[in-house]
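Structure record follows, encoded as structure tokens.
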Amino acid sequence: MNAGHTPGPWIWAGYVLRPEVPYPEGSSVHTILEAETLGWRYLSSDLDTALRESEANMRLIAAAPELRDALKLAEEFVAGFENDDCQIGIGIKLAIIRSAIAKADGGEL
């Protein structure tokens with residue numbers, strides 16, 4: 001289920017994050033983010049390290065829709081153990097999962 005965001009999967013094309021498959025019938029957004037290529041790192045930081053970190057950030061952002069969908073599946077599975085007294089801390093784990101889903105969906109944190 002779409003939570004109001006641009007449907008994934010998303011990909012990076014250079015410094016532009018966009019849907020992998022354009023879908024104008026179901027989405028109004030064709031470009032999610034255009035990352036600035038200059039002035040994005042601390043002056044004291046190592047360029048190679050900053051580039052690796054920036055690429056990791058891009059992968060994480062691009063994976064966000066799939067991560068949310070996977071978290072919804074995990075929430076459904078873990079909820080099946082909610083009243084099982086043998087599952088120590090299940091309530092806390094579910095609260096963490098549900099809080100992350102709510103944050104992704106723009107709901108209560």
Side-chain angles (χ1 to χ4, degrees):
M1 177 180 139
N2 186 331
H5 57 73
T6 303
W10 302 342
I11 60 167
W12 283 96
Y15 286 94
V16 177
L17 180 64
R18 62 177 179 75
E20 185 174 34
V21 178
Y23 183 49
E25 296 83 18
S27 176
S28 300
V29 174
H30 63 78
T31 303
I32 297 159
L33 175 68
E34 291 192 38
E36 187 177 330
T37 58
L38 299 173
W40 53 268
R41 69 181 177 101
Y42 295 110
L43 292 176
S44 59
S45 65
D46 175 68
L47 178 59
D48 290 334
T49 302
L51 286 172
R52 283 193 304 274
E53 183 176 335
S54 181
E55 289 170 4
N57 291 342
M58 288 192 273
R59 287 190 304 271
L60 181 61
I61 292 167
E66 290 89 347
L67 291 170
R68 182 202 169 273
D69 291 345
L71 196 54
K72 289 288 290 180
L73 290 172
E75 191 253 344
E76 289 175 20
F77 177 78
V78 173
F81 298 97
E82 196 164 13
N83 295 317
D84 184 345
D85 293 338
C86 295
Q87 303 298 322
I88 310 275
I90 200 78
I92 292 170
K93 292 171 185 167
L94 269 170
I96 292 168
I97 290 171
R98 289 174 175 158
S99 174
I101 292 169
K103 187 175 183 180
D105 288 349
E108 291 293 317
L109 302 181

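Keep in mind that the numbers below use all heavy atoms, side chains included, and drop hydrogens, waters and symmetry copies.
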Is any side-chain heavy atom of I97 closer than 4.5 Å to a side-chain heavy atom of V78?
-> yes

Should I90 and F77 be counted in the same cluster of Ile, Leu, Val, Met, Phe, Trp and Tyr side chains packed under 4.5 Å apart?
-> yes

Looking only at heavy atoms, what is the nearest atom pair of P65 and W10, with distance?
-> CG-CE2, 3.4 Å

Chi angles and distances behind the side chain to side chain contact (heavy atoms under 4.5 Å, CB included) call for L17, I61 | CA-CA 9 Å; L17 180 64; I61 292 167; 3.1 Å; yes

Minimal heavy-atom distance between E34 and V16, with the atoms involved, is CG-CG2, 3.9 Å

Should the heavy atoms of other residues, nucleotides or ligands under 6.0 Å from CD1 of I92 be counted, would the total exceed 12?
-> no

Atom pair CZ (R52) and CG (D48), whose distance is rounded to the nearest 0.5 Å = 6.0 Å

Atom of P7, atom of P19 and distance for their closest heavy-atom approach | O-CB, 4.3 Å

First locate atom CD1 of I32, then atom CH2 of W12, and finally report the distance between them rounded to the nearest 0.5 Å.
-> 9.0 Å

Beyond-backbone contact of H30 with P22, side-chain heavy atoms, under 4.5 angstrom = no

Residues at least two apart in sequence or cross-chain that pass side-chain hydrogen bond (donor to acceptor under 3.5 Å, both in side chains) with S28, listed by chain then number, are none

Is there a chain of hydrophobic side chains (I, L, V, M, F, W, Y, each step under 4.5 Å between heavy atoms) that links I101 to I96?
-> no

Neighbour count above 12 (heavy atom, 6.0 Å) for E66 CD | yes

How long is the gap from CD1 on I11 to CZ on R59, to the nearest 0.5 Å?
-> 15.0 Å

What's the shortest heavy-atom distance between A100 and L71, and which atoms?
-> CB-CD2, 3.5 Å

How long is the gap from CG on L51 to CE on M58, to the nearest 0.5 Å?
-> 8.5 Å

How far apart are the C-alpha atoms of K103 and S99, what are their side-chain angles, what is the distance that settles it, and do they pass the side chain to side chain contact (heavy atoms under 4.5 Å, CB included) test?
-> CA-CA 6 Å; K103 187 175 183 180; S99 174; 5.6 Å; no

